[in-house]
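Only one structure is covered here, and it is reproduced in the block below.
Sequence lines set the chain letters: A, B, ... in the order given, protein chains first and strands last, and positions in each chain run from 1.
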Amino acid sequence: MRKLIVISALAALLASSASAQDTGAGWKRASPPTQPPLRLFHSTQAISLPTAETLGRNVLQFEISHRFYPRFSDGFDYLYGLDGPALMRLGLGFSPTDRLVITLARSNFGGNVDLQGKYELLRLRSTPLPLKAAVQAGGAWNTQKQADRARGDSRNFQCYIQGIVNTMIGKRVALGVVPSYLHNSSVNTEKKENLFAVGLHGQVYLNQVLSVIAEWTPQVSGTEVMRHRPASFGLELETGGHFFKLVATNSVYLNPAQYLAGTENVFGARELRFGFLITRLLRT
Amino acid sequence: MSKSILIIAWGIVSAAAASAGEYHVDTTAARMVKFISDAPLENFDGTTSRIDGFAIIPFDTLQAGTGYDSSKFYFEVDLNALDTGIGLRNRHMRENYLETGQFPFAQFAGRISDAVREADSAFHLTIAGGMTIHGVKQPKSAAILAAKEGSRYHVRGQFPVALPDYKIKVPKLMFMKISDTVQVQLDFYLLPAAAAKD
């Protein structure tokens, strides 16, 4: 009997000891830590050119942009370019999925109503150059009434498609290439012309809030609509749900079917104009 | 000899049966952790289902009283999974404030201080220990409710977390306001460890 008690006590001690060591040793993390989504650019667009970024599922983005006609060089009489008039664009984007953004926007130049979709095709966390690719396609209807044609005349419609490839060097420098094809590049001509342009843009993130941004959209083939190539540079400020972009540019055009066609202004200090873009993200 | 082995085996089984009850977070059931920021002009919350961990109590099941000196718990929340509903805000939370690249988990470890019976099989528990967020550990106690549902405990609770205590910068930028103190809500199930392993 004594032997039985000793053995039981020993067994209980062993079990107790095993239990004391078992301070959650039986627990293992059920799944590995979450990897945050790959983000290269922070915003869905550079200045006018698109980035491969989307909004996230069920997020709305409201946008308002201005490009002022007077130049900085017009001086005091035009409040250094702030007097206006200005072209403006109002837009509303929505992401039904993580990879798709649908945006409806209107520019007051020609009453250009633009409906576009952007779909993120590829995310690669490759090192040293991570990669994201997307495609954006859209159609524009120039709704402003003209004497020689009805509003619904086919010459008032344009369409475009843009490939978007983004990468990042280190943690601060993001680069993008946007080959773009535009059909009916000049709505004012009888014949429908096409053009091909390659947008290039880059952004240097200085800190958590501020970055420097620049873009250039040279036309590489097709009928020349305007002689000069749009180029812009400026600052981007980001907060929890907003982007503020303050830019200097030689182009006043805002919607894709318009800025892709070029600009009448040379890129130089005398021809630079002020523009801004504000976006606000809204949770639905 | 074989009799001795049987006796030892019986001893181990009976001793183990009388020892601590180990419970793991049921990762197959609904789980929710919500951080609620209630700042002037802007309220928002961040939610995730990614809570995991375990609790060990000195009894098979919870009992009223204070005999929980040998109890132990550890819970962790995967902060990279926190979703505020806006991707940009998620990224700001991760990169600028929580710095989840360095500190991917919020952790709460300690023991049960006491249990007060709320109903037949539901207990108000006071849990105390250390909470680690953003790499900073602070003493923390909280009240939670654990209600038995079948073999599991349904755990719910809410407690405040003062962000400056964890050296988290509280953004005061226009349009990005977070209150100094966020409310943390927990809702998850604890499953007996043996069942969790199945």
Interface residue of largest heavy-atom contact number with chain A, from B:Asp83, B:Asn80, B:Thr48, B:Asn90, under 4.5 Å: B:Asn80
Within a strict 4.5 Å, meaning less than it, do heavy atoms of the B:Arg50 and A:Ser31 side chains meet? yes
Any side-chain heavy atom of A:Pro37 sitting closer than 4.5 Å to one from B:Arg94? yes
Side-chain (A:Trp27) to main-chain (B:Gly53) donor-acceptor, under 3.5 angstrom: yes
Counting only N and O atoms by type, is there a donor-acceptor contact under 3.5 Å from the side chain of A:His42 to the main-chain atoms of B:Leu88? no
Could you look at B:Asp78 and say if it's the side chain, the backbone, both or neither that has a heavy atom under 4.5 Å from chain A? side chain
More than 12 non-hydrogen atoms from neighbouring residues, nucleotides or ligands closer than 6.0 Å to CZ on A:Arg57, yes or no? no
Look at B:Gly87, B:Gly101, B:Ala81 and state which one has the largest set of heavy-atom pairs under 4.5 Å with chain A. B:Ala81
Output yes when a side-chain donor or acceptor of B:Asp52 lies under 3.5 Å from a complementary backbone atom of A:Ala30, and no otherwise. yes
Taking NZ, NE, NH1 and NH2 as the nitrogens, is one of them in A:Lys171 or B:Glu95 under 4.0 Å from a carboxylate oxygen of the other? no
Could you grab the distance from atom NE2 of B:His24 to atom NZ of A:Lys28, nearest 0.5 Å is fine? 10.5 Å
Is the number of heavy atoms from other residues, nucleotides or ligands under 6.0 Å of B:Asp120 CG greater than 12? no
Top contributor to chain A contacts, counting heavy-atom pairs under 4.5 Å, from B:Thr100, B:Leu79, B:Ile86: B:Ile86
Side chain proximity check, B:Glu76 to A:Arg29, heavy atoms < 4.5 angstrom: yes
Portion of B:Phe73 that has a non-hydrogen atom of chain A nearer than 4.5 angstrom: neither
Under 4.5 Å heavy-atom distance to chain B, tell me which part of A:Ser95 shows up: side chain, backbone, both or neither. neither
Heavy-atom distance under 4.5 Å to chain B: side chain of A:Leu281, backbone, both or neither? both
Does CZ belonging to B:Arg156 count more than 12 external heavy atoms closer than 6.0 Å? yes
So what's closer than 4.5 Å to chain B heavy atoms on A:Arg39: side chain, backbone, both or neither? side chain
